[in-house]
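Have a look at the structure below, then the notes.
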Amino acid sequence: MSSWPHQICKNIFDHVQQKKIEACNCTVQWSGGPKYQVDAGRGDQYVVDLDNHTCSCRKWDLSGIPCAHGIAAIHYKGGKPVEDYVHSYYSKDSYMALYNNLIMRINGSQLWEKTNQPAIKPPAYTRQPGRPRKVRIKGAEERIDKSGKKWLGRQGMQMRCSICGSTGHNKTTHHRNLPQKEKPLSRGKGRPRKISNQDPAVAADEAKEAARVRRRNAYVRAKAAAVAKIAALNASQPNATETAGIGLRASKRQRK
């Protein structure tokens, strides 16, 4: 490790080189001061603060290693290299200082001093509820999906829908955020009234004339129905004179 020529460790150096390739697809705009707006394509935009070493995608915040958006902003600004923005935890000097101390040697337990105190035992095991965890909780840079791509949790992130492009939901819940359709106005029975832009006085006169016409037509229809009903009754009943003649002839036959 002492012969490594760069100021950050090898694995972190390789990771930064990969992020530099991804930064080639980003477009940077200066927003004033240390802040930059980075467009990553497909409508994704992020805010990078070079003084605070933060990015709105949160990868730089969680890992301490500049993300692709931060590297694009660093190249746009110029001056310092990307390695200067990596957290000192990943530096070569921190690694060498960690293993620079002398690790003292100790004797085996058979040579330890004997005492009258009871032997130290491990704490009693208490089974926790639920299924035991078999896989440890991995760090932000250790999460890898089935395709080999690293990913971060979505907690604290602002979701963006890939269908409509708005924030606050994703494509799974897109149907719940559609604008409500306006319900058609319910009208009463019968033919709808014609709404005209005439003078109110003229419209009132026309309405009165239309009402008179409807009343006259209703009277004519009622009179015609009454006449037809009387004609039907007369047709179903025999004539009164014919009924009287039949009864007279029947009485004469009975006298004979």
Side-chain angles (χ1 to χ4, degrees), residues 1 3-98 137-179:
M1 189 65 184
S3 61
W4 178 248
H6 302 283
Q7 62 181 2
I8 58 176
C9 298
K10 184 179 184 307
N11 292 338
I12 307 303
F13 179 81
D14 295 340
H15 177 79
V16 171
Q17 297 302 316
Q18 180 64 30
K19 293 299 179 182
K20 287 182 179 179
I21 298 175
E22 298 178 7
C24 297
N25 300 324
C26 298
T27 304
V28 184
Q29 293 181 355
W30 181 51
S31 302
K35 294 185 178 181
Y36 297 83
Q37 178 175 312
V38 180
D39 187 355
R42 297 181 300 177
D44 297 337
Q45 294 182 354
Y46 303 93
V47 178
V48 178
D49 190 342
L50 294 183
D51 285 355
N52 296 326
H53 295 185
T54 59
C55 178
S56 57
C57 73
R58 300 192 312 116
K59 293 182 180 179
W60 195 355
D61 306 35
L62 295 174
S63 63
I65 304 172
C67 57
H69 320 120
I71 293 176
I74 294 170
H75 287 168
Y76 183 86
K77 179 182 179 181
K80 296 181 180 180
V82 179
E83 287 75 10
D84 291 347
Y85 291 89
V86 179
H87 196 276
S88 59
Y89 173 80
Y90 303 104
S91 65
K92 174 184 174 182
D93 296 336
S94 299
Y95 183 88
M96 298 300 296
L98 178 64
I137 300 176
K138 296 183 179 180
E141 292 298 326
E142 294 179 326
R143 299 181 179 180
I144 302 176
D145 58 8
K146 295 181 179 179
S147 61
K149 184 178 179 181
K150 296 181 180 180
W151 60 278
L152 295 173
R154 293 186 178 182
Q155 185 178 2
M157 294 183 63
Q158 189 174 20
M159 294 187 296
R160 181 182 296 274
C161 181
S162 59
I163 299 176
C164 62
S166 59
T167 58
H169 66 278
N170 53 14
K171 64 179 181 179
T172 305
T173 57
H174 171 75
H175 63 282
R176 302 178 186 173
N177 296 271
L178 294 176

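None of the values given here were measured: they were computed from a predicted structure. The basis for the numbers below is simple: all heavy atoms, side chains too, and nothing from hydrogens, waters or symmetry mates.
- In this structure S56 satisfies the side chain to side chain donor-acceptor pair (under 3.5 Å) test with no other residue, sequence neighbours excluded.
- T173 is linked by a side chain to side chain contact (heavy atoms under 4.5 Å, CB included) to H169, N170, R176, N177, counting only residues two or more places apart in sequence or in another chain.
- Between Y46 and H69, the angle of the ring planes stays under 30°, which puts this pair in the parallel group of the 30/60° scheme.
- Separation of atoms OG (S166) and NE2 (H174) is listed at 7.5 Å; rounding is to 0.5 Å.
- Note that the CD1 atom of I74 and the OH atom of Y85 stand 5.5 Å from one another [nearest 0.5 Å].
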Output a table of donor-acceptor pairs, distance under 3.5 Å, between side-chain atoms of residues 29-40 and any protein atom two or more places apart or on a different chain; print 'none' if there are none.
| from | atom 1 | to | atom 2 | distance (Å) |
| --- | --- | --- | --- | --- |
| W30 | NE1 | G33 | O | 2.8 |
| Q37 | NE2 | Q45 | OE1 | 3.0 |
| D39 | OD1 | G41 | N | 3.0 |

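- Checked options K59, E22, R58; the residue passing with C67 is K59 (criterion: side chain to side chain contact (heavy atoms under 4.5 Å, CB included)).
- Scanning for salt bridge (Lys or Arg N to Asp or Glu O under 4.0 Å) contacts around D93 gives an empty result, with sequence neighbours left out.
- Judged as a side chain to side chain donor-acceptor pair (under 3.5 Å), and not counting sequence neighbours, the contacts of D14 are K10.
- Other residues, nucleotides and ligands contribute only 12 or fewer heavy atoms inside 6.0 Å of the NE2 atom of H87.
- Remark: F13 pairs with W4, H6, I8, Q17, E83 by the side chain to side chain contact (heavy atoms under 4.5 Å, CB included) rule, at least two apart or across chains.
- Side-chain atoms of S94 and S91 include a donor-acceptor pair closer than 3.5 Å.
- Taking OG1 from T54 and CG from D49, the interatomic distance works out to 4.5 Å, rounded to the nearest 0.5 Å.
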